[in-house]
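Working notes for the structure below.
Lettering follows sequence order; numbering is per chain, from 1.
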There are 2 protein chains.
Amino acid sequence: MTNGIDPAPQEGTRARKRRETLARITEAGITLFLEKGYDATTLDDIAARAGISRRNFFYYFKSKDEILLSLQSGMGEMIVDALRQQPVDQPPLEAVRDAVLKVCAIFPTDEMIAIDQLMRTNPVVQARKQASMVEHEATLYAALREKWPAPDQAIRLRMVAMMAMGAIRLATDSLHHEGGKRAFTDILAGNFAALRDTA
Amino acid sequence: MTNGIDPAPQEGTRARKRRETLARITEAGITLFLEKGYDATTLDDIAARAGISRRNFFYYFKSKDEILLSLQSGMGEMIVDALRQQPVDQPPLEAVRDAVLKVCAIFPTDEMIAIDQLMRTNPVVQARKQASMVEHEATLYAALREKWPAPDQAIRLRMVAMMAMGAIRLATDSLHHEGGKRAFTDILAGNFAALRDTA
DNA sequence: CAAGAATCTCGCACTCAGTGTAAGATGCAG
DNA sequence: CTGCATCTTACACTGAGTGCGAGATTCTTG
């Protein structure tokens, strides 16, 4: 659940203010979404609470749903970073599995459920979430190709990226339907095991 | 690319008119989208061309993007039907592969490219398309469970459904980037082969 | 430090998708 | 024929997102 708001070595006034405003908008959005629901929360509400004009909201986010989407926008890069640190002598699918498990262990399960719940209330948001998974899939595929550049591996690596992101997606789905009985990483590990046994 | 407009044994005046109006709206939409682009086409344009009021459009479609989405809404059911006719002694992934290949052979490649191109022009439409793939995935999973009801197979079958729909999605992606060099079914078959070799 | 560029902020006016309502027209079943 | 469900329309409204232009703030460079 990382947005692009965290660190900043040597940042000037401008960068600091931007970061702060971004954080204020995000917090205002999440709070109001949880309070009155996604659809019932207008951009006027969010802007007022964040202390900015409605017009200026669009200088920070392209659309209302980006507030929620930004919460998981960092995941793609995090997985890629973790993947780069895996040994090369592993089979690709196992390397990705280990990387994904490391990254997902960071996110608190209850927070994931809350955000997921929120996204399910609006079909467009839900759809964009799936689309962002597809983007992460593409990012992951690029990283896999860097690590295993042999051309005859390309199709296989594309499938690996697809399966890995699919495993994550189905794990969040199970998490939602189980309501938190099993830990996220356990479900995820089970999915990867099923993948290996299947194909 | 089947919408719910085709057959109708014993249909009354009402059902016939509804079918005709639905077809007129769809045709008006597609024509205008291809002519002026998706975003530049307003619901007023579509309604005028289809000979209905703007308000009445929403009696046939929930939203503008549903015109495009409806073009592939039948695919899930078609795959499921094809799957039911596969022999049971096959491994699940192979049964799904054969079913998918049969269904996809029906759709003309050039039409698929045209619709796909259209959808790529608008991020929300694109996102909803991915979301509809996820729905088809769920439908497929349900059908797989019917055919192989053993409880210990459940997770595996969920992965199979995910991989199959993923293979289709990545095939349309390749189709788009290659611009029609290879036939769709060839790409798809290649993807399934890569799946089997990988996991 | 001064001046100009780049970034940020706002208000206003506008387009368009989508919804609520209420009233009229048309097809259907008893 | 008559009541009921379906279809159709016009009107008014909310809210997301964009274009524009003008003012303020921060950064950069001479």
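Each of B/Arg14 and B/Lys17 was assigned the nucleotide of DNA chain D with the nearest heavy atom; the assignment lying further toward the 5' end belongs to B/Arg14.
Within 6.0 Å of atom NZ in B/Lys62, 12 or fewer heavy atoms from other residues, nucleotides or ligands are found, so the atom counts as exposed in its surroundings.
Put simply, B/Thr13 has a side-chain N or O that comes within less than 4.0 Å of OP1 or OP2 on C/dC28. Phosphate contact (OP1/OP2 of C/dC8, side-chain N/O of A/Asn56, threshold under 4.0 Å): absent.
Applying the 3.5 Å distance criterion, the base of C/dG27 shares no donor-acceptor pair with the side chain of B/Arg16. Between the side chain of A/Arg54 and the base of D/dG17, at least one donor-acceptor pair of N or O atoms lies under 3.5 Å.
The ring-ring contact (aromatic ring centres under 6.0 Å, His included) test with A/Phe57 is passed by exactly one of A/Tyr59, A/Phe61, A/Tyr60: A/Phe61.
Residue A/Arg55 places its side chain closer to C/dC10 than to any other of C/dC10, C/dG18, C/dC8.
Contacts of A/Tyr60 with the nucleic acid, taken as non-hydrogen atoms under 4.0 Å apart, involve only primed sugar atoms and P, OP1 or OP2.
With rounding to whole Å, A/Arg18 atom CZ is found 10 Å from C/dT7 atom P. Protein atom CG of B/Asp39 is 16 Å distant from nucleotide atom C1' of D/dG19, rounded to whole Å. The distance from atom OH of B/Tyr59 to atom P of C/dG27 is 14 Å, rounded to the nearest whole Å. Rounded to a whole Å, the CD atom of A/Glu66 is 15 Å from the P atom of D/dA16.
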Apply the test side chain to side chain contact (heavy atoms under 4.5 Å, CB included) to residues A/Ile30 and A/Leu68: give CA-CA distance (whole Å), side-chain angles for both, the deciding distance (0.1 Å), then the verdict. CA-CA 8 Å; A/Ile30 304 291; A/Leu68 287 173; 3.9 Å; yes
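A side-chain donor-acceptor contact under 3.5 Å links B/Arg24 to the backbone of B/Ala50.
The closest side-chain donor-acceptor pair between B/Ser174 and B/Arg182, if any, does not fall under 3.5 angstrom. Using modelled atom types and a 3.5 Å distance limit, the side chains of B/Asp44 and B/Thr42 yield no donor-acceptor pair.
Counting only residues at least two apart or on different chains, the side chain to side chain donor-acceptor pair (under 3.5 Å) pairs with a member in residues 86-103 of chain B are B/Gln86-B/Gln90.
Taking the screw axis at each terminus of the helix from C/dC1-D/dG30 to C/dG30-D/dC1 from five consecutive base pairs, the angle between the two is 30° to within rounding of 10 degrees.
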